[in-house]
J.: 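Structure in structure tokens, see below.
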Amino acid sequence: MKARGFVHKYGNDVDTDVIIPARYLNTSDPKELAEKCMIDIDADFVNKVKHGDIMVAGDNFGCGSSREHAPIAIKASGIACVVAKTFARIFYRNAINIGLPIVECKEAAEAIKNGDEVEIDFDTGVIKDLTTGESFTGQPFPEFIKEIIKQGGLINYINKKK
């Protein structure tokens, strides 16, 4: 499994209220959530992001409340993967549960710039910055997580196993 797209770069401590502000939590429709994703720090995000793009961030991405709306909004916006130095524990779990690939890699998060084209190989954990030619190695996904992501989330994965 691979993802390839252009980077949208953010800093440290991007919390769930920044990803999808609480004032927009009156819906659980992924399309509506995607329209408001990152609106408070990047008002044009919804117009800039293309299907398959990559989000890159610093430390503690997804901190704050445990709302599932945040990874849903990111995934529905078209983002194929989030790369960060570190993730908040609950965000990490929620992202995998809804089938949003996330990769922790400090070196990649520090080196990759906004607008770079990046390719991520989930089988090997290799992150290639196609703009600069640099490569980084994050943690590859275990087989069961690859299967959860491939199935589009934990519920689909469980239903397929029945």
Side-chain angles (χ1 to χ4, degrees), residues 1-10 12-39 42 45-46 49-106 108-109 112 118-128 136-162:
M1 291 182 2
K2 290 185 179 183
R4 181 177 180 162
F6 292 95
V7 168
H8 301 270
K9 182 90 181 248
Y10 300 96
N12 296 327
D13 301 314
V14 175
D15 67 33
T16 54
D17 201 46
V18 167
I19 297 167
I20 185 68
R23 64 187 180 276
Y24 300 115
L25 297 181
N26 56 349
T27 183
S28 59
D29 178 44
K31 185 176 183 212
E32 288 182 40
L33 293 171
E35 291 170 1
K36 303 303 181 191
C37 187
M38 308 303 280
I39 196 164
D42 189 353
F45 175 79
V46 69
V49 73
K50 304 287 185 254
H51 183 76
D53 280 354
I54 311 292
M55 187 178 282
V56 176
D59 283 312
N60 204 24
F61 187 85
C63 57
S65 73
S66 62
R67 66 180 70 143
E68 293 85 3
H69 294 75
I72 291 169
I74 291 170
K75 183 178 178 185
S77 75
I79 292 293
C81 181
V82 180
V83 176
K85 287 183 185 180
T86 60
F87 290 93
R89 180 181 52 84
I90 293 173
F91 179 88
Y92 188 95
R93 180 63 185 219
N94 286 339
I96 297 300
N97 285 348
I98 62 106
L100 174 66
I102 55 177
V103 178
E104 203 167 272
C105 184
K106 178 182 177 188
I112 294 170
V118 171
E119 181 178 79
I120 303 164
D121 185 324
F122 300 123
D123 293 324
T124 63
V126 173
I127 302 163
K128 291 181 184 173
F136 312 92
T137 303
Q139 188 68 30
F141 291 129
E143 286 303 318
F144 78 97
I145 290 182
K146 283 193 281 190
E147 192 59 32
I148 290 170
I149 291 168
K150 182 179 173 185
Q151 295 303 322
L154 186 60
I155 302 236
N156 294 341
Y157 172 77
I158 290 169
N159 286 337
K160 185 179 180 199
K161 290 209 148 288
K162 288 182 180 180

J.: For a quick test of reading the model, state the closest non-hydrogen atom pair linking Ile54 to Ala80 and the distance between them.
T.: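 What the structure gives for the nearest pair is CD1-CB, 4.5 Å.
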J.: Could you tell me whether the side chain of Cys81 reaches within less than 4.5 Å of the side chain of Phe122, counting heavy atoms only?
T.: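 Result yes, sub-4.5 Å side-chain heavy-atom pair found.
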J.: Is the shortest heavy-atom distance from the side chain of Ile120 to the side chain of Val83 under 4.5 Å?
T.: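 Yes, side chains in contact.
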J.: Answer yes or no: are there more than 12 heavy-atom neighbours, outside Lys128 itself, under 6.0 Å from its atom NZ?
T.: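 Counting neighbours around NZ of Lys128, 12 or fewer heavy atoms of other residues, nucleotides or ligands fall under 6.0 Å, so no.
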J.: Closest approach of Asn26 and Arg23, non-hydrogen atoms and distance?
T.: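 Minimum heavy-atom contact is OD1-O, 4.4 Å.
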J.: Using atom types as modelled and distance alone, determine if a side-chain donor or acceptor of Asn97 lies under 3.5 Å from a backbone N or O of Leu154.
T.: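 The answer is no, because no donor-acceptor pair under 3.5 Å joins these two groups.
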J.: Could you check whether any side-chain N or O of Asp59 sits under 3.5 Å from a backbone N or O of Asn12, counting only pairs where one atom can act as donor and the other as acceptor?
T.: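 No, Asp59 side chain to Asn12 backbone: no donor-acceptor pair under 3.5 Å.
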J.: Okay, side chain of Thr86, backbone of Asn60: is any donor-acceptor separation there less than 3.5 Å?
T.: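 Pair found, side chain donor or acceptor close to backbone of Asn60.
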J.: Does some side-chain heavy atom of Lys150 sit less than 4.5 Å from a side-chain heavy atom of Met1?
T.: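 Yes, close enough: below the 4.5 Å cut-off.
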J.: Side-chain contact, heavy-atom cut-off 4.5 Å: Ile20 with Lys36?
T.: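 The answer is yes; the side chains approach within 4.5 Å.
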J.: To the nearest 0.5 angstrom, please state how far the NZ atom of Lys2 sits from the CD atom of Glu119.
T.: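 Rounded to the nearest 0.5 Å, the NZ-CD separation comes to 4.5 Å.
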J.: When you measure from the side chain of Asp121 to the backbone N and O of Thr124, does any donor-acceptor pair fall under 3.5 Å?
T.: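 Answer holds: yes.
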J.: Between Ala84 and Gly58, what is the shortest heavy-atom contact and its length?
T.: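 Reported closest heavy-atom pair: CB-O, 3.5 Å.
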J.: Quick check: closest heavy atoms across Cys37 and Phe45, and the distance to 0.1 Å?
T.: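 For Cys37 and Phe45, the tightest heavy-atom pair comes out as O-CD2, 3.4 Å.
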J.: Identify the two heavy atoms, one from Ala76 and one from Pro30, that lie closest to each other, and give their separation to 0.1 Å.
T.: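 Nearest pair, atom of Ala76 first, then Pro30: CB-O, 3.3 Å.
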J.: For the CD1 atom of Ile72 and the OG1 atom of Thr27, what is their distance to the nearest 0.5 Å?
T.: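 Taking CD1 in Ile72 and OG1 in Thr27, the distance rounds to 10.0 Å.
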J.: So, the side chain of Asp53 versus the backbone of Lys50: is there a donor-acceptor pair under 3.5 Å, distance only?
T.: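 The answer is yes, because a donor-acceptor pair under 3.5 Å joins these two groups.
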J.: Above 12 or not: heavy atoms from other molecules or residues under 6.0 Å from NZ of Lys85?
T.: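 For Lys85, atom NZ is crowded (more than 12 foreign heavy atoms under 6.0 Å).
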J.: Does any non-hydrogen side-chain atom of Met38 lie less than 4.5 Å from one of Tyr10?
T.: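 In short, these two side chains touch, coming nearer than 4.5 Å.
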J.: Under a 3.5 Å distance rule, please check whether Lys9 uses its side chain to pair with a backbone N or O of Ile112 as donor and acceptor.
T.: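 Flag set: sc Lys9 to bb Ile112 pair under 3.5 Å.
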J.: Please report the interatomic distance CG(Leu100) to CD1(Ile149), rounded to the nearest 0.5 Å.
T.: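 Answer rounded to 0.5 Å: 7.5 Å.
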J.: Could you check Asp17 against Arg67 for salt bridge (charged side-chain N to carboxylate O under 4.0 Å, His left out), going step by step and ending with a plain yes or no?
T.: CA-CA 9 Å; Asp17 201 46; Arg67 66 180 70 143; 3.2 Å; yes
J.: Nearest heavy-atom pair of Ala70 and Ile19: which atoms, and what distance?
T.: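 Answer, listing the atom of Ala70 first, then Ile19: O-CG2, 3.5 Å.
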J.: Taking atom NE2 of His69 and atom OH of Tyr24, what is their separation to the nearest 0.5 Å?
T.: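 Nearest 0.5 Å value for the NE2-OH distance: 14.0 Å.
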J.: Val103 and side-chain contact (heavy atoms from CB on, under 4.5 Å): which partner among Val82, Ile127, Val56?
T.: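 Going through the options one by one, the only one that passes is Ile127.
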J.: Using a 4.5 Å cut-off on heavy atoms from C-beta on, say whether the side chain of Ile39 contacts that of Pro21.
T.: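 Touching, per the 4.5 Å side-chain cut-off.
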J.: Which value, rounded to the nearest 0.5 Å, describes the distance between Arg93 atom CZ and Ser66 atom OG?
T.: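 Going from CZ on Arg93 over to OG on Ser66, the span is 13.0 Å.
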J.: What is the distance from atom CD1 of Ile98 to atom CD1 of Ile148, rounded to the nearest 0.5 Å?
T.: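 Ile98 atom CD1 to Ile148 atom CD1 measures 12.0 Å (nearest 0.5 Å).
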J.: List the steps and the verdict of side chain to side chain contact (heavy atoms under 4.5 Å, CB included) for Phe61 and Ile102.
T.: CA-CA 10 Å; Phe61 187 85; Ile102 55 177; over 6 Å; no
J.: What I'd like to find out is whether the side chain of Glu147 reaches to under 4.5 Å of the side chain of Lys160, using heavy atoms alone.
T.: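 Glu147 reaches Lys160 side chain to side chain.
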